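Because the structure is predicted, anything quoted here is derived from the model rather than measured.
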Amino acid sequence: MQNTDEFFMSEALKEAQRAFEEDEVPIGAVAVYKNKIIGRGHNRTESLQDPTAHAEILAITAAANTLNSWRLNDVIIYTTIEPCIMCAGALVLARVKRIVFGARDEKFGGCGSVFNIINEEKLNHKIEIVEGILEKEAISLMKIFFKERRKKSDKDGEAV
């Protein structure tokens with residue numbers, strides 16, 4: 001399973017790189033069904049001016065469109081950073097089978113870092129979690145992005 005997880009996480013990292021190149025927070029996600037990518041997404045909150053345009057939400061939407069169903073029972077979501085509370089909630093509602101993520105999000109994480117929406121006892125769906133897959137690569141991309149953003153804002157006199 002480790003090699004499969006690394007393969008699909010590398011695809012999520014490609015999406016994160018696309019976000020980086022578009023000056024978006026570099027988070028990428030892919031939705032996998034029967035070992036095939038059926039949805040992709042990368043953060044697009046800035047370009048779309050939409051606070052819900054997170055990588056995971058876009059990947060969920062693409063997967064639902066591909067399967068022609070909002071129930072994603074046998075879908076695995078690979079995402080470079082732990083889903084935020086909004087995305088974690090959407091993943092529960094979509095009933096995904098499994099979430100694989102690279103690095104934890106200690107500020108907004110919804111899969112155990114800040115909240116654990118994924119396995120909240122009051123909710124009717126629980127999701128298997130795997131974390132730490134290609135973690136170093138995911139963290140590195142985020143660090144480079146925010147370092148460059150700080151440099152830009154220092155030049156422009158803006159706060160990040």
**Student:** Any donor and acceptor pair, going by atom type alone, linking the side chain of T80 with main-chain N or O of G28 inside 3.5 Å?
**Tutor:** yes
**Student:** May I ask you to decide if the ring planes of F145 and F20 are parallel, tilted or perpendicular, using 30° and 60° as cut-offs?
**Tutor:** perpendicular
**Student:** So for atom NZ, which belongs to K143, do other residues, nucleotides or ligands contribute more than 12 heavy atoms lying within a distance under 6.0 Å?
**Tutor:** no
**Student:** Side-chain contact test, heavy atoms from C-beta onward, threshold under 4.5 Å: evaluate it for N35 versus F8 and give yes or no.
**Tutor:** yes
**Student:** Do R18 and E21 meet the salt-bridge criterion of a basic N to acidic O distance under 4.0 Å?
**Tutor:** no
**Student:** If only atom types and distance count, is the side chain of E82 paired as donor or acceptor with the main-chain N or O of G112 below 3.5 Å?
**Tutor:** yes
**Student:** Among residues at least two apart in sequence or on other chains, which ones pass side chain to side chain contact (heavy atoms under 4.5 Å, CB included) with K147?
**Tutor:** R150, K151
**Student:** Looking only at side-chain N and O atoms, does D74 offer a donor or acceptor that is under 3.5 Å from a partner on Y33?
**Tutor:** no
**Student:** Is the side chain of S140 donor-acceptor paired with the backbone N or O of K136 at a distance under 3.5 Å, no angle test?
**Tutor:** no
**Student:** Please check if atom CZ in F115 has more than 12 non-hydrogen atoms from other residues, nucleotides or ligands closer than 6.0 Å.
**Tutor:** no
**Student:** Just so I know, are the side chains of F101 and E135 near enough to count as touching, which here means a heavy-atom distance under 4.5 Å?
**Tutor:** no
**Student:** Is I85 reachable from I57 through a run of I, L, V, M, F, W or Y residues, each pair having side-chain heavy atoms under 4.5 Å apart?
**Tutor:** no
**Student:** Between E22 and R44, does a side chain to side chain contact (heavy atoms under 4.5 Å, CB included) hold up when you go through it step by step?
**Tutor:** CA-CA 8 Å; E22 294 171 12; R44 300 196 59 216; 4.2 Å; yes
